[in-house]
Amino acid sequence: GSGSSSSSNLYKDVFPKALAAMGTLFAKAVPNQTNHATATDSEIARHETVRPEMPPCSLEYLEAAVDCLRKDIPKYVTYLGSLTIPHCICVEGCVVPPKQDCGPWDLAVTISGSPAQEAYNYPFRLRIRFDTKWPRHYPVVQFQSVIHHALVDDDNGMLSPFYRSLPKDGQGCYTLRSLLHAVYEFLEDPLASWGIPRESAPQRLLRALQSNQKMNTERLTTIRRYSELTLHKELFTTPPAWQVEWFDTAFWRAQQEPTPEAWRGLLTEHLAGEIFSFRLFSDAFCDLLVEEIFNFYESGLPAKRPNSMNNYGIMLSDIGLEPFIDQLQQALQPLGQLLWPDAGSCWDGHHCFIVRYREGEDLGLDMHTDDSDVTFNVCLGLEFTGAGLQFCGAMGAPEHRKHAHTYQHRKGCCVCHLGRRRHGADDITSGERLNLILWNRSSTFRQSAEYKDPPYSKEVSMPDEVCVSYTHDRDYGVFKEYPVGKENFQGRGWCPPKPYEYAGFEPDVEQVLGC
């Protein structure tokens, strides 16, 4: 939907065409594949069949390797965690808990890029996932910090050329130390680390790399400049130092002792199994955070807008609050798992931003779905009237555009729902409203059949007027006049897709135009 965030990953648009221009040699060095797991497994397997068999990797074996590295940590590694077992994995399209003692195992690492590369001279958090085929087979590396880079996938994971360039020891095995060094070299100069001469690289690829480097440099420059201007420095500590008085008492108790009963005791259920709310922040913390947001606005520093639908919001990770948001996501993870065991589990990415509504700026928000698996939406204030949050059906459901619930925002309270549920904000009628939006994403869930191939049903009947979207719907004009300035959306909608229209459906224009 139009609520999706803008992506800096240009790989899908640029790299395949660039490879075609490079010829056979470059195509072998950098396969035209975005799925590293399928791109290289069979080829690596052919090379490894000549090696003596090794017993499957165990947690004890990996712990010994991590302990060995810990005795002499490279200077660019600023954090080395302990091995953990993920809550769930995706097997044959289904999200399931891992089998005992069979892996996978995750290692959290933070690596700072080289001072020689300004764009990536920053501590980036990584997740390295090992399975029982280690050390003969590479682990999967995923950035878990915000990063703008042309050569990572949509989940900020490394692409197949990274894995193909990894060195092996004399026994044909990968090592943890050489893997971390390869990440460091990737941050410094990915083409050099893959053995690709810059003068041979396609210009479109070079432009994509330069564009992302520029975005990353601008982001880090803003963070560093604002660090000298912050109003409430306690919000920006690393690691975060949360204060009890920032949070609702019941929420604080639940996240300290996260039992199902404690979480359930927080919740108000507005739509069975689908829409919930709870009090998250204290009024005092809302005021503190709003003061910080307005302080950033007044700084005059550049702010990248969070998505295509909010013209006055800011992304909290882009002003130095990424550690705070990381910890907030971790605190909310047990609640996500409780309410939505698949989409709410194993979050490893987020997009967190502020939206602002007031007269003369954005007043409301068109109906849309989110580019999130689970969304948390917290009202920070201020004084306002109107601005109800309208919920309709889930994407692809027969009642997709049927009204389901109207939620009224209250300061400090959070409403949560699946990202695929259609929703929109009524216009504010007076005052000003700021909300914190946290989109949570799970790369594990996004590998599942439920996410990749969700069911889509024919609409049961014509939509409720409150649920139609000028951004997305082919029949919006049948029910409402297009808002002033939005007339150009007519004829550009896609919903409902053929052949899922309700009986008697008529588009608001005869011919659907290209976007």
field: NZ/NE/NH1/NH2 to OD/OE distance under 4.0 Å, Arg253 and Glu257
entry: no
- request: Output yes when a side-chain donor or acceptor of Arg129 lies under 3.5 Å from a complementary backbone atom of Asp106, and no otherwise.
  value: no
query: Counting only N and O atoms by type, is there a donor-acceptor contact under 3.5 Å from the side chain of Glu292 to the main-chain atoms of Leu231?
result: yes
Name of the residue among Asp248, Val378, Leu266 meeting side-chain contact (heavy atoms from CB on, under 4.5 Å) with Leu280: Val378
message: Is the shortest side-chain heavy-atom distance between Cys88 and Cys346 below 4.5 Å?
response: yes
message: Determine whether the aromatic ring centres of residues Trp194 and Tyr163 are separated by less than 6.0 angstrom.
response: no
message: What I want to check is whether the side chains of Asp348 and Ser443 have a donor and an acceptor closer together than 3.5 Å.
response: yes
message: Is there a side-chain contact between Val415 and Leu389 in this structure, where contact means two heavy atoms from C-beta onward sitting under 4.5 Å apart?
response: yes
- prompt: Considering all heavy atoms of both residues, which atom of Ala303 and which atom of Phe296 are nearest to each other, and what is their separation?
  reply: CB-CE2, 3.7 Å
Arg356: side chain to side chain donor-acceptor pair (under 3.5 Å) partners, not counting sequence neighbours: Glu361
task: Decide yes or no for Ile147 and Arg219: does some side-chain heavy atom of the first lie under 4.5 Å from some side-chain heavy atom of the second?
output: no
query: Can you name the nearest heavy-atom pair linking Val109 to Ile128, along with the distance?
result: CG2-CD1, 4.0 Å
- prompt: Does any non-hydrogen side-chain atom of Asp318 lie less than 4.5 Å from one of Thr222?
  reply: no
Modelled atom types, side-chain donor and acceptor of Asp370 and Thr375, under 3.5 Å: yes
- prompt: Relative to each other, are the rings of Phe285 and Trp246 parallel, tilted or perpendicular (30° and 60° limits)?
  reply: tilted
query: Are side-chain heavy atoms of Leu335 and Leu267 found at a separation under 4.5 Å?
result: yes
task: Look only at the side chain of His87 and the backbone of Pro97, and say whether a donor-acceptor pair between them is shorter than 3.5 Å.
output: no
query: Between Arg446 and Asp371, does at least one N-O distance fall below 4.0 Å, as a salt bridge requires?
result: yes
- prompt: Hey, is Arg441 close enough to Asp373 for a salt bridge, meaning N to O under 4.0 Å?
  reply: no
field: 4.5 Å side-chain heavy-atom contact, Pro98 and Pro104
entry: yes
- request: Carefully, step by step, assess Ile314 and Arg305 under the rule side chain to side chain contact (heavy atoms under 4.5 Å, CB included).
  value: CA-CA 5 Å; Ile314 58 172; Arg305 299 310 171 197; 3.8 Å; yes
field: Qualifying ring-ring contact (aromatic ring centres under 6.0 Å, His included) pairs, either residue in residues 95-121, two or more places apart
entry: Tyr120-His149
query: Any side-chain donor-acceptor pair under 3.5 Å between Asp155 and Gln142?
result: no
message: Donor-acceptor check, side chain of Asn440 to backbone of Gly344, threshold 3.5 angstrom: yes or no?
response: no
task: For Asp189, enumerate each residue passing the side chain to side chain donor-acceptor pair (under 3.5 Å) test, keeping only those at least two apart in sequence or located in another chain.
output: Arg198
query: What closest approach, in Å, do Gly113 and Asn121 show between heavy atoms, and which atom pair accounts for it?
result: O-OD1, 3.2 Å
- prompt: When Phe251 is tested against each of Phe281, Trp263, Phe376 for ring-ring contact (aromatic ring centres under 6.0 Å, His included), which residue passes?
  reply: Trp263
message: In this structure, is the centre-to-centre distance between the rings of Trp439 and Phe353 below 6.0 Å?
response: yes
message: Taking the side chain as everything from C-beta on, heavy atoms only, tell me whether Tyr138 gets closer than 4.5 Å to Lys133.
response: no
- prompt: What pair of heavy atoms forms the shortest contact from Thr369 to Gly419, and how long is it?
  reply: CB-O, 3.5 Å
field: Parallel, tilted or perpendicular: rings of His181 and Tyr76 (30°, 60°)
entry: tilted
message: Which label fits Phe324 and Trp242: parallel for a plane angle under 30°, tilted from 30 to 60°, or perpendicular past 60°?
response: tilted
message: I'd like to check Leu434 versus Phe294 (side-chain heavy atoms, cut-off strictly below 4.5 Å). Are they in contact?
response: yes
message: Give me the atom names and distance for the closest heavy-atom approach of Leu316 to Ile293.
response: CD2-CD1, 3.6 Å
- request: Decide yes or no on side chain to side chain contact (heavy atoms under 4.5 Å, CB included) for Ser82 and Arg70, but give the supporting numbers first.
  value: CA-CA 10 Å; Ser82 301; Arg70 205 181 301 278; 4.2 Å; yes
